[in-house]
Amino acid sequence: MKKTGLPPQKKIPRAALVPAFILLAGTLWGQSPAPADPESPAHLVGLTLNEVIGRFGVPRGVYAVRGGEEWQDDVVFSYGDRDFYFYRDRVWQIAVKAAFGVRVGENRNVIPLVMGEAALVEEGYTLAPLAGWSWPMNVRFNNDNRGLVTAIYIYRSDF
């Protein structure tokens, strides 16, 4: 056996890895879902008008949402379980019934557990940043006076 000058390596028992895995999983639990998650509705932000129609077909309804300024007006395509808010020809915001493990109708107290320490709890809503995207992204969970989630919006926060 050739000597390398390094101390002999010990084999780590698998049982010793379990606590390390639990600690790692605990730190990852409250982190924002990564862009690599294809199930995340955040992937729908940034689609073009043609891509939305190509993927989802003709919307069930179309309506306008007036903003405080003319440039804040939106055309919204409604598909029942999600609404796409367009600025020019791209989706800048989407409203969904469920995202990141939270559903409309649930108690808002679960949001910081799912979204982590970055979740900002305010009167009427909870806001959480979504990291790792090409542009700044947030998710906003609106709630009623009983603390139940009434709406979920995922959007580009630079608009």
Side-chain angles (χ1 to χ4, degrees), residues 20-159:
F21 177 73
I22 291 171
L23 285 173
L24 177 63
T27 59
L28 295 176
W29 173 259
Q31 299 209 358
S32 298
D37 178 7
E39 299 300 314
S40 170
H43 281 283
L44 302 173
V45 174
L47 292 180
T48 66
L49 180 62
N50 288 337
E51 289 171 328
V52 170
I53 292 172
R55 273 178 80 173
F56 300 101
V58 177
R60 288 185 181 177
V62 176
Y63 60 95
V65 174
R66 300 298 312 213
E69 301 288 329
E70 186 176 317
W71 65 271
Q72 294 173 326
D73 294 349
D74 293 317
V75 172
V76 183
F77 281 21
S78 181
Y79 288 90
D81 62 341
R82 60 186 64 127
D83 289 352
F84 294 91
Y85 291 70
F86 287 90
Y87 175 73
R88 298 188 189 234
D89 71 334
R90 290 211 177 256
V91 176
W92 77 273
Q93 174 175 270
I94 181 169
V96 293
K97 304 289 184 207
F100 313 115
V102 180
R103 301 183 82 64
V104 168
E106 283 189 273
N107 191 297
R108 73 183 266 171
N109 293 335
V110 302
I111 299 168
L113 299 174
V114 175
M115 299 308 294
E117 294 177 10
L120 174 66
V121 179
E122 295 286 343
E123 185 67 34
Y125 67 92
T126 301
L127 189 65
L130 299 175
W133 295 89
S134 299
W135 44 71
M137 295 269 284
N138 283 337
V139 58
R140 179 181 171 124
F141 302 89
N142 290 354
N143 63 271
D144 62 16
N145 59 359
R146 297 175 298 160
L148 300 179
V149 175
T150 58
I152 302 170
Y153 296 97
I154 303 165
Y155 62 96
R156 285 185 63 161
S157 55
D158 59 345
F159 269 65

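In this chain, residues are counted from 1 in sequence order.
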Practice task
For the residue pair Ile111 and Val121, establish whether any side-chain heavy-atom pair is separated by less than 4.5 Å.
Solution key: no
Problem - Flag if over 12 foreign heavy atoms under 6.0 Å of CD, Glu70 - result: no
Practice task
Check whether any side-chain heavy atom of Phe141 lies under 4.5 Å from a side-chain heavy atom of Met115, and answer yes or no.
Solution key: yes
Problem - Inter-residue atom distance Arg90.CZ - Glu51.CD, 0.5 Å rounding - result: 6.5 Å
Handout entry: pair His43-Trp133: side-chain heavy atoms closer than 4.5 Å
Key = yes
Problem - Arg108 to Glu122 - nearest heavy-atom pair and separation - result: NH2-O, 2.8 Å
Completion exercise
For Arg66, the salt bridge (Lys or Arg N to Asp or Glu O under 4.0 Å) test, sequence neighbours excluded, returns Asp73
Practice task
To the nearest 0.5 angstrom, please state how far the CG atom of Leu120 sits from the CG atom of Asn138.
Solution key: 9.5 Å
Handout entry: Interatomic distance, Arg82 atom CZ to Phe56 atom CZ [nearest 0.5 angstrom]
Key = 4.5 Å
Problem - All salt bridge (Lys or Arg N to Asp or Glu O under 4.0 Å) counterparts of Arg140, not counting sequence neighbours - result: none
Problem - With Phe84, the ring pair (Phe, Tyr, Trp, His ring centres under 6.0 Å) member among Tyr153, Phe77, Tyr79 - result: Tyr79
Exercise for the section: Report yes if the side chains of Gln93 and Arg156 come closer than 4.5 Å at any heavy-atom pair, otherwise no. Expected result: no
Problem - Heavy-atom pair with the smallest gap, counting every atom of Ala119 and Pro112 - result: CB-CA, 4.1 Å
Exercise for the section: If the plane angle is over 60° it's perpendicular, under 30° parallel, otherwise tilted; pick one for Trp92 and Tyr155. Expected result: perpendicular
Problem - Distance (rounded to the nearest 0.5 Å) between Leu127 CG and Asn142 CG - result: 10.0 Å
Exercise for the section: Output the distance between atom CG (Asp74) and atom OH (Tyr63), rounded to the nearest 0.5 Å. Expected result: 9.5 Å
Side chains of residues 94-107: which donor-acceptor pairs under 3.5 Å do they make with residues two or more places apart or in other chains?
| residue | atom | partner | partner atom | Å |
| --- | --- | --- | --- | --- |
| Glu106 | OE1 | Arg103 | N | 2.6 |
| Asn107 | OD1 | Asn109 | N | 2.8 |
| Asn107 | OD1 | Asn109 | ND2 | 3.0 |

